[in-house]
**Q** 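If you scroll down you'll find the structure; I have some questions about it.
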Amino acid sequence: MDAQEKLAKIRKDLQTAIELELSTLPPYLTAYFSIHPGTNVDAANAIRSVFMEEMLHLCLAGNTLVSIGGEVKLGKDNVPKYPLTLEFKGREFAINLEKFTKNTIQTFRRIELPDDMPPLEMSLKAIEDLDVDGYSIGEFYNNIIKELDELNQEYQLCGKTLFSQDTSNQITETYFWRGGGKPIAVTDIDSAKAALEQIIDQGEGAAASLYDGDYNEYDQHRDLAHFYKFSQVYFERHYLPDDDPKLPPTGAPMSVDYAQVYPMLKNPTHEAYAQNPDLQSLNHKFNQAYSLMLQQIEEAFAGNPRVLYNAIMNGMHDLSPIATTMAKIELDPAQTHGYTGCPSFEWVEPVE
């Protein structure tokens, strides 16, 4: 494989990474929207903190991609469909759009599983596939880091530069929101490693630790990595600082009540609301706002990063009230199942 073929592979892997980060957002958001307001506070806060950091991860992967001459794609062909199978090396499982349940949290733990953890029990295979070249998200990103490092050395030996010094089409702190970690402009192999290692660190923890590295790196508050945030909810108990990362938490109980959840329809499509015009209209508005948010993020990586703030803050602001309204409306009041609306997260041509 020559240098151009290696570069094309890395660009493809980074686009897959972006789509992987995007694929986690609708399931996390759906579980979050399904929780009754004022209940399951710790669980809701955990889910919210994770999906905000997943947006950061998408941006970090995007910065790395555009720094090596690639283009971030978040259009119709890149929007995940559910149920979706995540296929890792040696394990695969389905992720769904569904309400907050213990099984849902277990799926979230599968997504964020660290390298040195045994696989959790498997779920049924779904229809749509997303192949991930690694046992875990962390191994996938470490493979990209290794390939970038090797290609960068090849470029240096030939007197070439792999990474662009122009950061005008990258997402930096100037155009970002506050949260765990921070965006990193990628201009060389060291900054590329820092960006991708932050993704691994926040998801799995720092060097087999319960905690991410934001406290040490950015002087931010000490925070659990994603896997352990979801594990606290799953086991309904908080971690103590000296707990073994490979064992369940042993701290104070966490209040989790799966009854305080709207019975949202699982894996809906827009057609599922054909007999309920109110839900169909709301779902269409939601999908328009969701698609516009993705379009604006893509635009941010095409040289207009200032639209990112509008994409995230206004986009999320528009999505939340529509989703929570849908969650309170019964799909068919004449039926006994009592399912309520759930956004389908499908692409529609956005309206500015």
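Just so it is clear, the structure is predicted and the values come from calculations on it, not from any experiment. Computation of the quantities below employed the complete heavy-atom set of this structure, encompassing side-chain atoms and omitting hydrogens, waters and symmetry-equivalent molecules.
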**Q** State, to 0.1 Å, how close A323 and F33 come at their nearest heavy-atom pair, and which atoms those are.
**A** CB-CD1, 3.3 Å
**Q** Would V50 and I47 satisfy side-chain contact (heavy atoms from CB on, under 4.5 Å), going step by step from the backbone distance to the final call?
**A** CA-CA 5 Å; V50 170; I47 296 170; 5.9 Å; no
**Q** Does the side chain of E299 pick up a donor-acceptor pair with the side chain of Q295 at under 3.5 Å?
**A** no
**Q** Going by atom types alone, do Q260 and N40 pair a side-chain donor with an acceptor below 3.5 Å?
**A** no
**Q** Could you check whether F345 and F286 have their ring centres less than 6.0 Å apart?
**A** yes
**Q** To the nearest 0.5 Å, what is the distance between CG (N283) and CG (N276)?
**A** 10.5 Å
**Q** Is there a side-chain contact (heavy atoms from CB on, under 4.5 Å) between Q232 and R237? Walk through the geometry before answering.
**A** CA-CA 5 Å; Q232 285 194 144; R237 190 170 292 277; over 6 Å; no
**Q** Can you classify the ring geometry of Y258 versus F100 as parallel (below 30°), tilted (30 to 60°) or perpendicular (above 60°)?
**A** tilted
**Q** List the atom of P249, the atom of D243, and the distance in Å for their closest heavy-atom pair.
**A** CA-OD2, 3.6 Å
**Q** Less than 4.5 Å apart, side chain to side chain, heavy atoms only: is that true for V233 and D42?
**A** no
**Q** Roughly how far, to the nearest 0.5 Å, is the OG atom of S23 from the CG atom of L86?
**A** 5.0 Å
**Q** What verdict does the side-chain contact (heavy atoms from CB on, under 4.5 Å) test give for L60 and V186, after you've listed the backbone C-alpha separation in whole Å, the side-chain angles of each residue and the deciding distance to 0.1 Å?
**A** CA-CA 8 Å; L60 291 167; V186 176; over 6 Å; no
**Q** With side chains defined as the heavy atoms from C-beta onward, is the minimum distance between Q170 and F301 less than 4.5 Å?
**A** no
**Q** Cation-pi check, K102 to Y234: give yes when NZ or CZ is under 6.0 Å from the six-membered ring centre and within 45° of the ring axis, no otherwise.
**A** yes
**Q** Does a side chain donor of either T16 or D13 reach within less than 3.5 Å of an acceptor in the other side chain?
**A** no
**Q** Decide if the gap between the ring center of F88 and the ring center of Y135 is smaller than 6.0 angstrom.
**A** no
**Q** Do D257 and T39 have side chains that approach each other closer than 4.5 Å (heavy atoms only, starting at C-beta)?
**A** no
**Q** Within the 4.5 Å heavy-atom criterion, are E54 and Q202 side-chain neighbours or not?
**A** no
**Q** Indicate whether any N or O donor in one side chain lies under 3.5 Å from an N or O acceptor in the other, for Q198 and H57.
**A** no
**Q** At what distance, to the nearest 0.5 angstrom, does CD1 of I297 lie from CD1 of I171?
**A** 8.5 Å
**Q** Are T101 and N103 linked by a side-chain donor-acceptor pair shorter than 3.5 Å?
**A** no
**Q** Are K6 and E154 close enough for a salt bridge, meaning some N to O gap below 4.0 Å?
**A** yes
**Q** Flag the pair L279 / T340 as yes when at least one side-chain heavy-atom distance between them is below 4.5 Å, and no otherwise.
**A** no
**Q** Are F235 and L240 connected in the hydrophobic side-chain network, where two residues link if heavy atoms are under 4.5 Å apart?
**A** no
**Q** Mind checking the NE2-OG spacing from H226 to S231? Nearest 0.5 Å is all I need.
**A** 12.5 Å
**Q** Would you say the side chain of I184 lies within less than 4.5 Å of the side chain of N63, judging by non-hydrogen atoms?
**A** no
**Q** Any side-chain heavy-atom pair from R109 and L113 closer than 4.5 angstrom?
**A** no
**Q** Under a 3.5 Å threshold, yes or no: a donor from one side chain and an acceptor from the other, between T104 and K99?
**A** no
**Q** Return the set of residues passing ring-ring contact (aromatic ring centres under 6.0 Å, His included) with Y32 (not counting sequence neighbours), or none when no residue passes.
**A** F51
**Q** Only one of N287, T269, T30 passes side-chain hydrogen bond (donor to acceptor under 3.5 Å, both in side chains) with S344; say which it is.
**A** N287
**Q** Given the rule in the ring-ring contact (aromatic ring centres under 6.0 Å, His included) test, do Y211 and Y239 qualify, once you have shown the distances and angles that lead to the verdict?
**A** CA-CA 10 Å; Y211 301 95; Y239 278 102; 8.3 Å; no
**Q** Judged by modelled atom types alone, do E87 and T85 share a side-chain donor-acceptor pair under 3.5 Å?
**A** no
**Q** Between V348 and Y290, does a side-chain contact (heavy atoms from CB on, under 4.5 Å) hold up when you go through it step by step?
**A** CA-CA 9 Å; V348 298; Y290 173 60; over 6 Å; no
**Q** Pick from E19, K12, R11: which one makes a side-chain hydrogen bond (donor to acceptor under 3.5 Å, both in side chains) with Q15?
**A** E19
**Q** Indicate yes or no: does K285 engage D318 in a salt bridge with an N to O separation below 4.0 Å.
**A** no
**Q** Verify the neighbour count for atom CD of Q275: are there more than 12 heavy atoms of other residues, nucleotides or ligands below 6.0 Å?
**A** no
**Q** Any side-chain heavy atom of N78 sitting closer than 4.5 Å to one from I18?
**A** no
**Q** Indicate yes or no: does E147 engage K9 in a salt bridge with an N to O separation below 4.0 Å.
**A** yes
**Q** If Ile, Leu, Val, Met, Phe, Trp and Tyr residues are connected whenever their side-chain heavy atoms lie under 4.5 Å apart, and connections chain through other members, are V41 and I105 in the same group?
**A** no
